Every structure is written in structure tokens, then in C-alpha cells.
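For reference, the structure is listed below as C-alpha cells.
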Amino acid sequence: MAANGTLIGEQGYDRAEEVKQFDDSKLGVKGLVDSGLSSIPRIFIHPPETLQQLQPTTRPDAQPIPTIDLSDLHHSDRRSAIVDQVSGACRNFGFFQITNHGIPSVVLDRTIAAIKAFHEQPTEVRARFYRREMGHGVSYLSNVDLYTSKAASWRDTLQVRLGPVPAADDEVPEICRDEIVGWNKEIQRLGEELLGLASEGLGLRAEKLKEMTCLEGRVMAAHYYPPCPQPDLTVGLNSHSDPGVLTLVLQDHIGGLQVKHDGAWVDVKPVPGALVINVGDLLQVRLLFTIRVLLANLLRELVI
């Protein structure tokens, strides 16, 4: 293995060169599938030890992630209970599902359908948007970490910047433009509600996290996982944490999402109309900081 991560040998395999060829082709994983391949390119093959580590270890008794009903959110007595549920889920699980969140099911369905339609356009149409930089606020690519990961994952992604300065309308693919605009409008409202609940759970004013600009930076990452001819050799998405404040995940009916809790992988089965909320690294840091401050205050009381 060379210092720059290039693997040469084994019948002349040069990973860096093959990665560049794939990226320059602008085919994406969907383009590979459309070409009729029966085996996946070597850059997508994960080593056996990695695949073994990624095998689900779901226990039959594993606790499902909490589901929180947001109905009657603005009734004072009901809101207090919801704040406690959200706070507990954030601190103890890092994930929860929400129902009755106010986004109409037709908006959810149209958003998924529009994103699917984009990814299933002819390769030459998608290729016009294929780029790694987000200078225009829109990028379509395969694997954000394609050049740095040890093995690529079997997915393509359309990324659209939604805030603070959204992508220009004419930069967003027309086939999904209206649906993305509608989605952004809905998640701005819902995101503000969720940040308010998280703020109150931290003992702060409901507006505090919003005032800290936690709602301003928003990016839509629309993943697409084409059928794979050798699914036992690769993955759709490696285990990871999200770097932001909150991630709102809209699943289709197929599912496949898992979260890790108490050392076990828990299946997050799709619930019609529900959204999955992932507590990002920034909010987790805030939660830990608050807990430590509370412990320090308690220690001061005991000492004094």
C-alpha cells in the first residue's frame, strides 16, 4: 500500500486509478447497473473482516427506538410530556421516530417519488449534475468519500443546499424541483419545532437553539441504492454518525435502516407517515456539556 492509498499489484490492480476512472465516467452506481454488469467493480468490494464487522447483531429482545406522537404539541400539559420524551430519547438513545408531525403524507410520498425519478433518469441526463463541489448548491455524485474510503459503498446521492442560502431554482433538477421546495418549507417548520423541544429539554428557552443558528445550515442528501448483483460483497452505507444538529430521515417502504444501541443493531422498521430523527454530533456535545454542568452544580452543593 503506497502512502497515498494507491494499491498496486495483484494482477496490476490500481485502486486510485480505477476510482478516478469511475468518477470521471459520471455513471454513478445506477449507470453501472444500467450497463448490465453481473459483478461489481473491485473498488466496491469490502474486505471480509470489514463485512463481518458490519453483520447485524440485532437481538430479539433489543429495545426499539422510541416513537413520539407530536399531536397536541401546543397544549401546555401535553407539551411538557413531549419535551420529556424527546429529552429522554436524545440522551439515552440518540434516535427517535415522530408521528403526527404535521407534514402531509402526500408531501412525503411525492418527495420520495420525485427523488426516485431523478435517479432513474437516463445516465446522460443525470451526468449533467454530476460534480463533487457544492458551489452551485447542487451536486450529484457517488460516495462523498470515494477518494478517501478503503472501499466504496453501493449508492448514489443527490445533494441540495437548502439554507442559509439555498441553491438557485434553475440549479435544482427540474424533475424534483417543486418537491424539494415543498420539502424544505415543511422541514423548516418542523425543524424549528424539534429544536424548541430539544432546547426545553436542556432547560433552555424554546428559542435558544434557533437563536444559535442551529436551523440555518440545511442540506438535503437524497440517497439511492440500486439493485446490487453481489450484495454480500459491499454495503449501501457504512456505520457512521451525523455531524450536524438533527437529521430528519424519510424512509421508503423498503427499509434497511439500523441504529446501534447498547451494543446491538436495532432495525428501524418503516412506519407509514413517520420520520426518523437522528441526534447529530453537535447536539450530543451540547447534551453532554449540560449534563456535566448539572453534575458540577450538584457537586458544589454537596461540598458547600
Side-chain angles (χ1 to χ4, degrees), residues 64-79 81-83 85-86 89-90 95-121 137-138 157-164 166-169 171-200 206-207 209-210 214-225 242 244-257 259 267-280:
I65 71 170
T67 298
I68 302 174
D69 183 352
L70 297 186
S71 59
D72 298 325
L73 175 61
H74 297 290
H75 293 183
S76 58
D77 54 342
R78 175 74 179 130
R79 184 177 183 87
I82 294 175
V83 167
Q85 290 178 325
V86 169
C90 289
F95 293 87
F96 55 97
Q97 288 200 95
I98 55 174
T99 59
N100 295 311
H101 42 67
I103 301 182
S105 59
V106 66
V107 172
L108 304 180
D109 294 343
R110 286 176 178 171
T111 301
I112 289 179
I115 295 301
K116 185 172 183 287
F118 167 80
H119 284 285
E120 294 183 352
Q121 293 179 109
V138 176
T157 302
L158 173 66
Q159 295 185 124
V160 182
R161 187 177 63 233
L162 303 178
D169 285 350
E171 293 290 342
V172 181
E174 184 177 2
I175 196 170
C176 55
R177 184 180 302 157
D178 290 345
E179 289 77 10
I180 290 176
V181 170
W183 172 254
N184 185 37
K185 179 181 178 181
E186 294 288 351
I187 64 167
Q188 278 186 279
R189 175 197 58 78
L190 180 57
E192 186 171 344
E193 297 279 16
L194 291 170
L195 284 179
L197 294 170
S199 290
E200 291 180 43
E207 302 80 10
L209 289 177
K210 181 183 177 182
C214 290
L215 188 61
E216 291 189 6
R218 302 184 309 282
V219 175
M220 180 183 198
H223 300 308
Y224 182 83
Y225 306 91
D242 288 342
V245 179
L246 291 175
T247 300
L248 280 68
V249 181
L250 172 59
Q251 291 195 88
D252 61 15
H253 66 283
I254 297 174
L257 178 65
V259 302
D267 292 320
V268 182
K269 297 180 180 179
V271 175
L275 294 171
V276 178
I277 310 302
N278 177 10
V279 179

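Just so you know, residue 1 is the first one in the sequence shown, and it goes up from there. All of these numbers come straight from a predicted model, not from anything done at the bench.
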*Listed partners of R177 passing salt bridge (charged side-chain N to carboxylate O under 4.0 Å, His left out), at least two apart*: none
*Using salt bridge (charged side-chain N to carboxylate O under 4.0 Å, His left out) as the criterion, list what pairs up with E200, not counting sequence neighbours.*
R79
Atom [atom1] of [X] and atom [atom2] of [Y]: how far apart are they, to the nearest 0.5 Å?
X: I68; Y: F96; atom1: CD1; atom2: CZ; answer: 5.0 Å
X: L194; Y: S199; atom1: CG; atom2: OG; answer: 10.5 Å
X: L246; Y: L195; atom1: CG; atom2: CG; answer: 5.5 Å

Please tell me if the side chains of [X] and [Y] come closer than 4.5 Å, counting only heavy atoms from C-beta onward.
X: V138; Y: P173; answer: yes
X: V219; Y: L162; answer: no
X: L70; Y: T99; answer: no
X: L73; Y: L197; answer: yes
X: I175; Y: Q121; answer: yes

_Least distance between heavy atoms, A167 atom then G137 atom_ = CB-O, 3.6 Å
*asked:* Quick check: closest heavy atoms across L108 and L250, and the distance to 0.1 Å?
replied: O-CD2, 3.8 Å
*Can you list the residues that meet the side-chain contact (heavy atoms from CB on, under 4.5 Å) rule with A81, with sequence neighbours excluded?*
R78
*Listed by chain and number, what are the side-chain contact (heavy atoms from CB on, under 4.5 Å) partners of Q251, not counting sequence neighbours?*
V249, L257, V268, P270, V276
*asked:* Set out, in order, the CA-CA distance, both residues' side-chain angles and the distance that settles side-chain contact (heavy atoms from CB on, under 4.5 Å) for V259 and N278, then state yes or no.
replied: CA-CA 9 Å; V259 302; N278 177 10; over 6 Å; no
*Show your reasoning for whether side-chain contact (heavy atoms from CB on, under 4.5 Å) applies to N100 and D72.*
CA-CA 9 Å; N100 295 311; D72 298 325; over 6 Å; no
*Which side-chain hydrogen bond (donor to acceptor under 3.5 Å, both in side chains) pairs, counting each pair once, include a residue from residues 183-197, with sequence neighbours left out?*
H74-E193, N184-R218, E192-K210
*Output all residues satisfying ring-ring contact (aromatic ring centres under 6.0 Å, His included) with F95, sequence neighbours left out; order by chain, then residue number.*
none
Please name all residues satisfying side-chain hydrogen bond (donor to acceptor under 3.5 Å, both in side chains) with [X], sequence neighbours left out, ordered by chain then number.
X: S71; value: D69
X: H75; value: none
X: D252; value: none
X: T247; value: D242

*Between the main-chain N or O of A221 and the side-chain N or O of T157, is there a donor-acceptor pair closer than 3.5 Å?*
no
*Measure from the side-chain N and O atoms of H119 to the backbone N and O of Y225, and report whether any donor-acceptor pair falls under 3.5 Å.*
no
*Between H101 and L275, is a side-chain contact (heavy atoms from CB on, under 4.5 Å) present by the stated rule, with each step listed?*
CA-CA 8 Å; H101 42 67; L275 294 171; 3.8 Å; yes
Just distance, no hydrogens or angles: give the donor-acceptor pairs under 3.5 Å from side chains in residues 110-117, sequence neighbours left out.
unit_1	atom_1	unit_2	atom_2	d
T111	OG1	V107	O	2.7
K116	NZ	E120	OE1	3.1
K116	NZ	E120	OE2	3.1

*Show your reasoning for whether side-chain contact (heavy atoms from CB on, under 4.5 Å) applies to C176 and L158.*
CA-CA 11 Å; C176 55; L158 173 66; 4.0 Å; yes
